[in-house]
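Below is one structure, written out as structure tokens, with a few remarks after it.
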Amino acid sequence: MTLIAELGADAAAGRAPRALIFDSGLGGLSVLAEIRRLRPDVEIVYAADDAAFPYGRLSEAALVARVETVMERLVGETEPDIVVIACSTASTLALPPLRAAYPLLPFVGTVPAIKPAAAASRSGLISVLATRGTVARDYTHALVRDHAADCEVTLVGSSLLALIAERIMRGEEAEEVEISREIGPCFVERADRRTDHVVLACTHFPLIADKLGRLSPWPVAFVDPAPAIARRLNAFIGAARPGAPPSREGAAIFTSGEAPRPELQKTLHRYGLTFTPTAMIGSAPA
């Protein structure tokens, strides 16, 4: 049975718009939550490329090839009206070829929220907490030059925080000392000024925002890209039909083809998702 059949596809005109939310792992759940808050009528298909997680270990060419392979299968089987790439790394590299391959299908990417953080900062000290790949990309440095020239920006690349968030969402324990060590460089003091805004430039990070706040050496505003992504989706798909009911529980797809453990199943249910079995999509690139 195809995924579209599993989802109960409705050919009737006026069905709820279907959004495919894609990430390397579970980080896109932070985006999903904001989309559900803004547009509860939208039907959700959540796809995690766990067979290739984490993307940070892939070369740029391998990452683009992997996303193209997975997207070909997902778009064909789920027939979305819009696709959200809920991953900064995949967005900066794979969005141009995806838009070229599917010119009639809107894609919404994830951009580090450097511009709003810089505009809101009162101290002039902001930090960007991201994966190491995002920190190294020219795209990120261009955002800093274009939108935060009046601020001192500290770029902090973490190789562990996304993995920690992934473990927590799967019901596993995480050492708080690890989290403190990863976020510590974000907090900068200059005379009487301190960092006051931290951009969460990986969608995994907002999933553990409560822990980030509790372990911070002083209060800061954590800037999450999810609200802007949800607004962008809303602009693309147009207003909800009058009286449109909330969508039913969405589908969660894992490219490994493996069923999640019970702890992760509970997490998925909290986000309004049910695991939907599917065949493995390729294998993790070398």
Side-chain angles (χ1 to χ4, degrees), residues 1-12 14-54 67 69-87 90 105 107-108 110 162 165-172 203-204 206-208 226 229-230 233-234 237 240-241 244-282 284:
M1 181 179 290
T2 65
L3 282 173
I4 200 69
E6 287 275 0
L7 293 169
D10 186 353
R15 71 160 172 83
R18 177 177 295 145
L20 170 62
I21 302 175
F22 173 80
D23 188 21
S24 59
L26 300 173
L29 294 177
S30 64
V31 176
L32 180 153
E34 193 63 27
I35 290 172
R36 282 207 185 279
R37 186 194 67 77
L38 185 63
R39 290 298 300 267
D41 61 305
V42 171
E43 183 179 346
I44 300 291
V45 179
Y46 185 85
D49 190 13
D50 61 328
F53 179 84
V67 173
T69 296
V70 175
M71 199 56 58
E72 180 180 11
R73 168 90 167 268
L74 292 175
V75 168
E77 293 196 359
T78 68
E79 298 183 5
D81 299 297
I82 189 167
V83 178
V84 176
I85 305 297
C87 171
L105 180 61
F107 283 82
V108 178
T110 300
E166 194 88 3
R167 293 203 309 261
I168 291 172
M169 299 303 286
R170 293 175 182 273
E172 301 172 19
T203 54
H204 277 83
L207 296 173
I208 56 171
I229 296 170
L233 174 141
N234 187 55
I237 64 177
R241 290 178 291 113
S247 68
R248 61 193 169 190
E249 201 161 41
I253 299 165
F254 291 85
T255 60
S256 66
E258 298 177 3
R261 293 182 177 179
E263 294 82 0
L264 179 52
Q265 298 259 16
K266 292 177 183 177
T267 297
L268 296 174
H269 282 300
R270 288 204 306 272
Y271 283 85
L273 297 171
T274 298
F275 171 64
T276 301
T278 185
M280 182 179 183
I281 301 179

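Side-chain atoms are counted along with the backbone in the values below, which use heavy atoms only and exclude waters and symmetry mates. Numbers here simply count residues along the sequence, with the first being 1.
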*First locate atom OG1 of Thr78, then atom CE of Met71, and finally report the distance between them rounded to the nearest 0.5 Å.*
8.5 Å
*Rounded to the nearest 0.5 Å, how far does CG of Leu32 lie from CD1 of Ile229?*
11.5 Å
*asked:* Does any part of the side chain of Asp41, heavy atoms only, come nearer than 4.5 Å to the side chain of Pro17, both counted from C-beta?
replied: yes
_Shortest non-hydrogen contact between Thr110 and Ile85, atoms and distance_ = OG1-O, 2.8 Å
_Between CD1 on residue Ile237 and CD1 on residue Ile82, distance to nearest 0.5 Å_ = 6.5 Å
_Crowding at CZ, Arg261 (>12 non-hydrogen neighbours, <6.0 Å)_ = no
_Please list all pairs meeting salt bridge (Lys or Arg N to Asp or Glu O under 4.0 Å) that have one or both residues in residues 22-37, counting only residues at least two apart or in different chains._
Glu34-Arg37
*asked:* List the residues meeting salt bridge (Lys or Arg N to Asp or Glu O under 4.0 Å) with Arg170, not counting sequence neighbours, and say none if there are none.
replied: Glu166
_Exercise: identify the closest heavy-atom pair between Val31 and Ala86_ = CG2-CB, 3.9 Å
*Can you find a pair of side-chain heavy atoms, one from Tyr271 and one from Thr267, that are under 4.5 Å apart?*
yes
*Hey, could you give me the CD1/CZ distance between Ile253 and Phe22, rounded to the nearest 0.5 Å?*
11.0 Å
*Determine the minimum heavy-atom distance between Ala19 and Leu233, stating which atoms define it.*
CB-CD1, 4.0 Å
*What are the two closest heavy atoms between Ala51 and Thr255, and how far apart are they?*
N-OG1, 3.1 Å
*Leu207 side chain reached by Leu29 side chain, heavy atoms, under 4.5 Å*: yes
*asked:* What's the separation between atom CE in Met280 and atom CZ in Arg73, rounded to the nearest 0.5 Å?
replied: 10.5 Å
*Would you indicate whether the side-chain heavy atoms of Val45 and Thr276 approach each other to under 4.5 Å?*
no
*Please examine the side chains of Phe275 and Leu264, heavy atoms only from C-beta on, and report whether any two atoms are closer than 4.5 Å.*
no
*So which heavy atom on Ala162 is nearest to which on His204, and how close?*
O-CD2, 3.5 Å
*Any sub-3.5 Å donor-acceptor pair from Tyr46's side-chain atoms to Gly250's backbone N or O?*
no
_Interatomic distance, Lys266 atom NZ to Arg270 atom CZ [nearest 0.5 angstrom]_ = 9.5 Å
*Donor-acceptor contact present, side-chain Ser247 to main-chain Val42, <3.5 Å*: yes
*Which pair of heavy atoms, one from Ala252 and one from Leu268, lies closest together, and at what distance?*
CB-CD1, 4.1 Å
_Thr274: partners by side-chain hydrogen bond (donor to acceptor under 3.5 Å, both in side chains), with sequence neighbours left out_ = Glu249
